[in-house]
Amino acid sequence: MFAIAIDGPAGAGKSSVAKAAARELGFTYVDTGAIYRTIALYMLEKGVDIEDPAAVTKALPGVEVSLEYGEAGQRTLLGGRDVSEKIRTQEVSMATSRWVAHIPEVRAFLVEVQRELARKNNVVMDGRDIGTVILPKAQLKVFLTASPEERARRRTLQLAEAGEPADFEEVLREVVQRDRQDSAQLDLLPTDGVILDTTGLGFEQVVEKLTSMARERMENEGGGGE
Ligand code: DC
């Protein structure tokens, strides 16, 4: 199997770039953030105090998270129920990034779930610790980033297009806050990774860079994604 690990801060365009590259390469796109979000959703729905790591850890065995792949891309299931939209709310985003993703037991609980997907499929997997912890032997590791201002600018545009205009300065503050919250994972850069700074690059250019790097690696090697 061939694995492409894409890590980087929130808003760098990881998911859209990874999705497009996976489609072009015929790989499965795995959004690992969705799994963390699903754990947060479960805790919120069950009324577990997410600020209490012991309580979250105790409730973990009840979480049945699975991913399904079909025409519509990745669907995220919690106990068999499709929660793909529910995990995108602001409440779930904050609960995940502020609390749930920092609990070592949560991270440990999810290692195998993610590795198993890469054992069975050629994957483009995006997250924060894919190249460092989850798939240290991925054939291609990319750290996708962009300046905080560029990420805030893209997010502001996206929100405006979605009919939810937001103030750039406020969005920028949120971007900086998310970076700080995710820094424990983001500060660990794989030594054999490629840094791809997308500031000033168009979407198509980034996808093209990524797929050509992948094709080059595939020609030169193969085998063992984990
Ligand atoms: O990529 P995202 O915004 O959907 O991720 C949601 C949260 O989960 C984010 O705060 C970072 C965290 N996360 C993580 O710690 N490790 C991953 N592999 C993926 C996401």
Side-chain angles (χ1 to χ4, degrees), residues 3-22 28-44 50-51 53 56-57 60 63 65 67 73-78 83-118 123-136 138 141-146 148 151-152 154-155 158-159 171 173-190 193 196 198 225-226:
I4 303 175
I6 304 198
D7 294 304
K14 291 190 303 292
S15 63
S16 35
V17 166
K19 211 179 285 175
T28 301
Y29 162 59
V30 181
D31 167 9
T32 65
I35 315 177
Y36 285 88
R37 287 167 180 269
T38 303
I39 298 210
L41 176 69
Y42 174 90
M43 301 300 160
L44 291 169
I50 53 157
E51 299 184 25
V56 171
T57 303
L60 265 183
V63 184
V65 56
L67 303 177
Q74 175 178 306
R75 306 301 297 175
T76 310
L77 308 183
L78 173 58
V83 293
S84 309
E85 275 81 39
K86 273 206 149 150
I87 55 173
R88 300 291 156 195
T89 63
Q90 189 65 10
E91 188 193 15
V92 172
S93 296
M94 274 300 158
T96 311
S97 109
R98 188 125 189 240
W99 305 104
V100 172
H102 297 287
I103 303 174
E105 287 81 359
V106 168
R107 306 201 71 83
F109 180 73
L110 294 181
V111 168
E112 265 312 303
V113 176
Q114 297 169 85
R115 285 190 182 157
E116 184 64 13
L117 288 161
V123 292
V124 181
M125 191 174 277
D126 94 34
R128 302 295 188 288
D129 59 347
I130 309 305
T132 45
V133 178
I134 306 299
L135 305 176
K141 299 177 191 175
V142 175
F143 190 81
L144 198 72
T145 187
R151 289 184 280 132
R154 291 179 191 163
R155 179 86 186 124
Q158 241 176 23
L159 287 168
V171 173
R173 268 196 297 278
E174 271 178 29
V175 164
V176 172
Q177 188 192 354
R178 287 284 299 275
D179 282 0
R180 213 170 22 239
Q181 285 169 189
D182 292 343
S183 65
Q185 276 73 49
L186 290 174
D187 289 349
L188 301 166
L189 267 177
L196 182 48
T198 70
E226 199 190 302

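Start at 1 with the first residue, then count along the sequence. In each ligand, atom 1 is the first atom listed, and ligand 1 is the first ligand listed.
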Side chain Thr28, main chain Val123, donor-acceptor under 3.5 Å: no

Got the closest protein heavy atom to [atom], with its distance?
| atom | value |
| --- | --- |
| atom 20 (C) of ligand 1 | Gly33 CA, 3.6 Å |
| atom 6 (C) of ligand 1 | Arg37 NE, 3.7 Å |
| atom 1 (O) of ligand 1 | Arg128 NH1, 3.0 Å |
| atom 10 (O) of ligand 1 | Ser97 CB, 2.8 Å |
| atom 19 (C) of ligand 1 | Thr32 OG1, 3.4 Å |

With heavy atoms of [X] as the reference, note each atom of ligand 1 found under 4.0 Å away.
| X | result |
| --- | --- |
| Thr96 | 7 (C), 8 (O) |
| Asp182 | 9 (C), 10 (O), 11 (C) |
| Ala101 | 12 (C), 15 (O) |
| Gly127 | 17 (C), 18 (N), 19 (C) |
| Arg178 | 3 (O), 9 (C), 10 (O) |
| Arg107 | 14 (C), 15 (O), 16 (N) |

Side-chain H-bond candidate by donor/acceptor type, Arg178 with Gln181, under 3.5 Å: no

Option among Arg37, Arg88, Arg75, Lys19 that satisfies the salt bridge (charged side-chain N to carboxylate O under 4.0 Å, His left out) test with Asp31: Arg88

Pairing of Lys14 and Asp182 as salt bridge, 4.0 angstrom limit: no

Ligand 1 contacted by Gln181 (non-hydrogen, < 4.0 Å): no

His102 touching ligand 1 at heavy-atom level, < 4.0 angstrom: no

